[in-house]
Amino acid sequence: MLNFDFTEEQLMIRQAARDFAERELLPDVLERDEKGILATRQIKLLGELGFFGLMVDPKYSGVGMDTIAYILAIEEISRIDASVAVLMSVHNSLVNNPIEQFGTDAQKEQYLPKMATGENLGAFLLSEPEAGSDATMQRTQAIDMGDHYLVNGTKNWISNASCADIYLLIAQTNPEKRNKGINAIIVEKDTPGITLGPHEDKMGMRSSDTHSVMFMDVKVPKENRLGEDGEGFKIAMKILNSGRIGIASQALGIAMGAFDRAVQYARERKAFGKEIGHHQAIAFKISDMAVKIETAQLLLLKAGWLKDNHKEYTIAAAMAKQYCADIAMEVTTQAVQIHGGYGYVKEYHVERLMREAKLTQIYEGTSEIQKIIISRAILNE
Ligand code: CAA
């Protein structure tokens, strides 16, 4: 049975996220983008409101909402400030979710309550200088020393690297076993031997906190491993399936934010004797943007629905990630075009949204990686 209605709880979460974004994030989003600074005060407030434990079981201090509510919340935050949304997405999808899904009771009890309330934030450490899309080529080593792992190596492009307290590290323990020798290990950031590279000065998502992370003889207790020995790559891939729903929501939220601004501008700006929205050149752009957003939303909600109903969602998540990211780029580019010269200056926000959209085609699996996942499934490779 098809049902396109949202539940009352889902609508409530969406409204709470929308109100929060407009009240707390909008006033200084341009300043944070310009200076590349973290929304520290707002992140604390988001934690108090439960947004860092949206899908976590209430017995671990979470809110216990479903993926659909999570999608709606990330969209609303991204409409205004996608840098805050990526922090939320990485924390919820790539750290809370695997601890809850693959962790022991002791790991869940130790880490989830503080993660769910935002007292502790999480980061996911997979990418390396020479292992980006080709994620099996992990060089960071977690050598089994009996009662602990000894970790050495470098991770790159780590979102939340400096504000996070808890790292979910993917590292190689048995290189001869290739992807079956990889482990996923919870590492507390203040463990001796961990240092950060400088803040990356990025094109967009400038107030998201991105660094490389270096490990030098870092000792991590063996009981911090998630799952069985050698299951880390599979866990990382499964985590990314869910992470891609988060990034698709972010991309779609960016597109929605640019669309809202383009529509408002098309209603107000006059040229050749009438509002530009009444010129077909602009009206048809608005129509095309609306169709793309609607299509993207349907794909994304289907992926969320499959996940919530415990059905296979790898392909749906890859399709949603690819399509939402690609249309975010198209919609934001058209929003800049509709604004003309005003679109090219910072005050009108759409150039920022266009810069933010670009990253959604790159991180958590490029659009090309999503096409590999989708085409392999179709061709049954
Ligand atoms: N779900 C579950 N399992 C999966 C999977 C998925 N989506 N993709 C692969 N696997 C499993 C395979 O079934 C296989 O298992 P077996 O060995 O038991 O058969 C194993 O993982 C290895 O898979 P492949 O042989 O397909 O591996 P591959 O080397 O050909 O490539 C890939 C797989 C899909 C290309 C993968 O490397 C990939 O997803 N790369 C992109 C990595 C990525 O997304 N990085 C993002 C970094 S995180 C980030 O950006 C966070 C942030 O800060 C915002």
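Both ligands and their constituent atoms are indexed starting at 1 by order of listing.
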Contact atoms of ligand 1, heavy-atom distance to T314 under 4.0 Å:
7 (N)

Charged N-O contact under 4.0 Å between R79 and E75
no

For Q370, all residues meeting side-chain hydrogen bond (donor to acceptor under 3.5 Å, both in side chains), sequence neighbours excluded:
none

To atom 43 (C) of ligand 1, the nearest of S242, G365, S159 on a heavy-atom basis is G365

Is it the side chain (CB and beyond), the backbone, both or neither of R244 that lies under 4.0 Å from ligand 1, heavy atoms counted?
side chain

Who pairs with Y313 by side-chain hydrogen bond (donor to acceptor under 3.5 Å, both in side chains), at least two apart in sequence or on another chain?
none

If I compare all heavy atoms of H91 with all of F52, which pair ends up nearest, and what's the gap?
NE2-O, 3.0 Å

Nearest protein heavy atom to atom 29 (O) of ligand 1, by residue and atom, and its distance?
T136 CG2, 3.6 Å

Taking only heavy atoms of G132, which atoms of ligand 1 are found under 4.0 Å from at least one of them?
42 (C)

Nearest-0.5 Å distance that lies between atom CG in L252 and atom CG in L300
6.0 Å

Strictly below 4.0 Å, N to O, side chains only: are D144 and K222 in salt-bridge contact?
yes

Please list the nearest protein heavy atom to atom 34 (C) of ligand 1 with its residue and the distance rounded to 0.1 Å.
I373 CG1, 3.9 Å

Near N179, which atoms of ligand 1 are under 4.0 Å from a heavy atom of that residue?
17 (O), 20 (C), 22 (C)

Measure the distance from atom 36 (C) of ligand 1 to every protein heavy atom, then report the residue, atom name and distance (to 0.1 Å) of the closest one.
M237 SD, 3.7 Å

Close-contact set for ligand 1 against S127 heavy atoms, below 4.0 Å:
47 (C)

Within reach of ligand 1, part of N160 (heavy-atom separation under 4.0 Å):
neither

Within ligand 1, which atoms have a heavy atom of K180 less than 4.0 Å away?
16 (P), 17 (O), 18 (O)

Protein contact to atom 23 (O) of ligand 1 [nearest heavy atom, distance to 0.1 Å]:
F233 CE2, 4.1 Å

Write out the residue and atom name of the closest protein heavy atom to atom 26 (O) of ligand 1, then the distance separating them to 0.1 Å.
R376 NH1, 2.8 Å

Tell me, do L226 and L168 make a side-chain contact under 4.5 Å, heavy atoms counted?
yes

To which protein heavy atom is atom 41 (C) of ligand 1 closest, and what is the distance rounded to 0.1 Å?
S133 O, 3.4 Å

Give me the nearest non-hydrogen protein atom to atom 50 (O) of ligand 1 as residue plus atom name, then the distance to 0.1 Å.
E364 N, 2.9 Å

Go through the steps to decide whether E100 and K108 satisfy the test salt bridge (Lys or Arg N to Asp or Glu O under 4.0 Å), and finish with yes or no.
CA-CA 6 Å; E100 194 161 15; K108 292 184 213 180; over 6 Å; no

Of the protein's non-hydrogen atoms, which lies at the shortest distance from atom 18 (O) of ligand 1, and what is that distance?
K234 NZ, 2.9 Å

Has E347 got more than 12 heavy atoms of other residues, nucleotides or ligands less than 6.0 Å from its CD?
no

Hey, does D134 come in under 3.5 Å of ligand 1, counting only N/O atoms on both sides?
no

Using a 4.5 Å cut-off on heavy atoms from C-beta on, say whether the side chain of R178 contacts that of T136.
yes

With heavy atoms of N241 as the reference, note each atom of ligand 1 found under 4.0 Å away.
1 (N), 2 (C), 6 (C), 7 (N)

Rounded to the nearest 0.5 Å, how far apart are CD of E368 and CD1 of I373?
12.0 Å

